[in-house]
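Written below as structure tokens is the structure these notes are about.
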Amino acid sequence: PTPQPDARLTFASFIASPGAQLALTAARAVAENPVLAYNPLFIYGAAGLGKTHLLHAVGNGALARRPELRVAYLRAAALADELGDEADRATLAARLARYSSLDVLLLDDAHALVGRPAQKHVLLLLETLVAGGKQVVCAAGAAPRAIPGLDDRMRAFLQSGLVADLGAPDDEVRLAILRAKAQLRAGTADRPARRRATPQHVLDAVFSVFGVPVDDLLAPRRDKHVVTARQVAMHLMREETGASLAEIGAALGGRDHSTVLHGCDKVARALEVDGTLREHVATARDVLRASVGGGSAAAAHLDSA
């Protein structure tokens with residue numbers, strides 16, 4: 001079966017920053033009048049700003065108005081794999097025909113097409129859909145012109161409609177987005193029993209909230225924002241994973257137990273007086289606890305939004 005939009009991800013639940021207004025307005029217009037508004041529509045922005053959410057919202061909005069529409073949400077890498085060169089001619093033709101019958105295609109992570117031999121097949125599908133009066137909405141981490149290695153014809157196609165930037169929300173909006181995602185995952189029905197958090201879960205959650213890559217958390221970097229994020233990771237690992245100080249140190253690049261103890265103590269003291277840090281740590285804890293029931297926060301479906 002063709003992957004359907006996630007019914008939980010709607011315009012009503014989308015948290016928009018001022019910089020996202022163009023993308024949001026365009027997405028609503030496409031949902032209300034597929035093909036007649038912008039085709040293709042290309043939405044881009046950094047991880048966590050809501051690209052995936054907005055794609056699903058377009059699909060759900062279109063289906064709410066016209067339930068008979070054939071709508072599919074696909075990740076570009078998965079589509080490229082399915083349309084790969086290893087497929088024989090008959091299989092490829094059948095797959096292209098199946099997707100060409102869609103009314104609305106929502107293609108996420110278009111930047112993942114870079115370097116894929118099947119990029120030409122994906123482009124053929126997208127061009128066929130638009131030429132046939134079908135709607136295409138794509139999302140990526142950057143504008144088409146800023147994706148290095150993208151095929152020139154693909155770049156031209158993606159830029160041929162409206163390209164809308166989600167912008168960069170302020171810290172308060174970004175935290176609200178992260179917390180909303182965590183609550184959405186935590187409320188998923190029929191989820192497995194909660195597992196114990198691991199140090200990797202904590203690293204993922206800290207990355208989601210503080211924006212410090214895991215490699216930097218493990219490295220000897222001493223930049224203030226990196227040190228703060230690393231010490232928050234120590235604090236959360238101690239509280240949430242049951243790991244010993246030595247195990248926490250090992251998970252953070254081989255630091256000794258005294259360094260971990262110092263970091264935990266420093267965060268505990270700071271939380272008593274620093275309201276901003278309290279908010280960040282609370283959000284990281286929400287993301288962590290939600291991810292424990294549904295996989296790694298950095299890799300979770302909703303966290304790519």
Side-chain angles (χ1 to χ4, degrees), residues 3-67 69-76 79 99 102-113 122-123 125-147 150 154-170 173-174 176-177 180-181 301-302 304-305:
Q4 298 294 298
D6 187 330
R8 300 170 300 167
L9 303 179
T10 65
F11 289 117
S13 59
F14 181 73
I15 300 174
S17 65
Q21 290 306 310
L22 172 60
L24 178 58
T25 299
R28 287 185 181 277
V30 167
E32 291 172 3
N33 294 292
V35 181
L36 299 180
Y38 310 103
N39 199 20
L41 171 62
F42 188 95
I43 299 167
Y44 73 95
L49 298 188
K51 300 184 297 296
T52 296
H53 190 136
L54 215 46
L55 282 183
H56 285 278
V58 169
N60 288 319
L63 287 170
R65 291 169 177 78
R66 295 176 57 191
L69 290 178
R70 292 160 295 184
V71 180
Y73 167 85
L74 298 168
R75 290 191 179 277
L79 180 59
Y99 288 122
L102 294 171
D103 295 303
V104 180
L105 173 61
L106 311 166
L107 188 66
D108 208 352
D109 297 331
H111 50 270
L113 293 171
V122 175
L123 176 60
L125 170 62
L126 299 181
E127 290 177 334
T128 299
L129 286 168
V130 170
K134 311 297 180 65
Q135 178 70 52
V136 171
V137 186
C138 299
R145 58 179 167 73
I147 301 176
L150 195 65
M154 177 66 80
R155 192 190 315 278
F157 172 83
L158 295 176
Q159 294 179 151
S160 64
L162 177 68
V163 176
D165 184 1
L166 276 175
D170 58 30
V173 172
R174 188 173 64 86
I177 292 171
K181 289 178 180 178
H301 163 70
L302 294 176
S304 67

(request) Would you indicate whether the side-chain heavy atoms of Leu79 and Leu125 approach each other to under 4.5 Å? (result) yes
(message) Between Asp6 and Tyr73, is the side chain to side chain contact (heavy atoms under 4.5 Å, CB included) condition met? List the steps.
(response) CA-CA 9 Å; Asp6 187 330; Tyr73 167 85; over 6 Å; no
(request) Applying side chain to side chain contact (heavy atoms under 4.5 Å, CB included), run through His56 and Thr52 and close with a yes or a no. (result) CA-CA 6 Å; His56 285 278; Thr52 296; 3.5 Å; yes
(message) For Gln4 versus Val71, what's the shortest heavy-atom pair and its separation?
(response) NE2-O, 3.1 Å
(message) For a quick test of reading the model, state the closest non-hydrogen atom pair linking Ala31 to Arg65 and the distance between them.
(response) O-CD, 3.8 Å
(message) Within the structure provided, determine whether Pro3 and Arg75 are in side-chain contact (heavy-atom separation under 4.5 Å).
(response) no
(request) Could you tell me whether the side chain of Leu22 reaches within less than 4.5 Å of the side chain of Asp165, counting heavy atoms only? (result) no
(request) Taking all non-hydrogen atoms of both residues into account, name the closest pair between Arg155 and Ala146 and its distance. (result) NH1-N, 4.5 Å
(request) Nearest 0.5 Å please: distance from the CZ atom of Arg145 over to the CG atom of Leu158. (result) 13.0 Å
(message) For Ile147 and Tyr44: C-alpha separation, side-chain torsions, deciding distance, then whether side chain to side chain contact (heavy atoms under 4.5 Å, CB included) applies.
(response) CA-CA 11 Å; Ile147 301 176; Tyr44 73 95; over 6 Å; no
(message) Tell me if the CZ atom of Arg66 is crowded by more than 12 foreign heavy atoms within 6.0 Å.
(response) no
(message) Could you check whether any side-chain heavy atom of Pro144 comes within less than 4.5 Å of a side-chain heavy atom of Val163, counting everything from C-beta outward?
(response) yes
(request) Please report the shortest heavy-atom distance between Phe42 and Ala143, naming the atom on each side. (result) CE2-CA, 4.1 Å
(message) How long is the straight-line distance from NZ of Lys51 back to CG of Asp109, given to the nearest 0.5 Å?
(response) 7.0 Å
(request) Answer yes or no: is there a side-chain heavy-atom contact under 4.5 Å between Leu24 and Phe11? (result) yes
(message) Taking the side chain as everything from C-beta on, heavy atoms only, tell me whether Leu126 gets closer than 4.5 Å to Pro40.
(response) no
(message) Rounded to the nearest 0.5 Å, what separates atom OH in Tyr38 from atom OG1 in Thr25?
(response) 8.0 Å
(request) Taking all heavy atoms of Pro5 and all of Asn60, pick out the closest pair and write down the distance. (result) CB-OD1, 3.6 Å
(message) Looking at every non-hydrogen atom in both residues, tell me the closest pair between Gln135 and Asn39 and how far apart they are.
(response) NE2-OD1, 3.2 Å
(message) I need the Leu74 CG to Leu55 CG distance, nearest 0.5 Å.
(response) 10.5 Å
(request) Find the distance between CZ (Arg70) and CG (Leu102) and round it off to the nearest 0.5 Å. (result) 7.0 Å
(request) List the steps, then state whether side chain to side chain contact (heavy atoms under 4.5 Å, CB included) holds for Lys134 with Leu105. (result) CA-CA 8 Å; Lys134 311 297 180 65; Leu105 173 61; over 6 Å; no
(request) Give, for atom CG of Leu123 and atom OG1 of Thr128, the distance between the pair rounded to the nearest 0.5 Å. (result) 9.0 Å
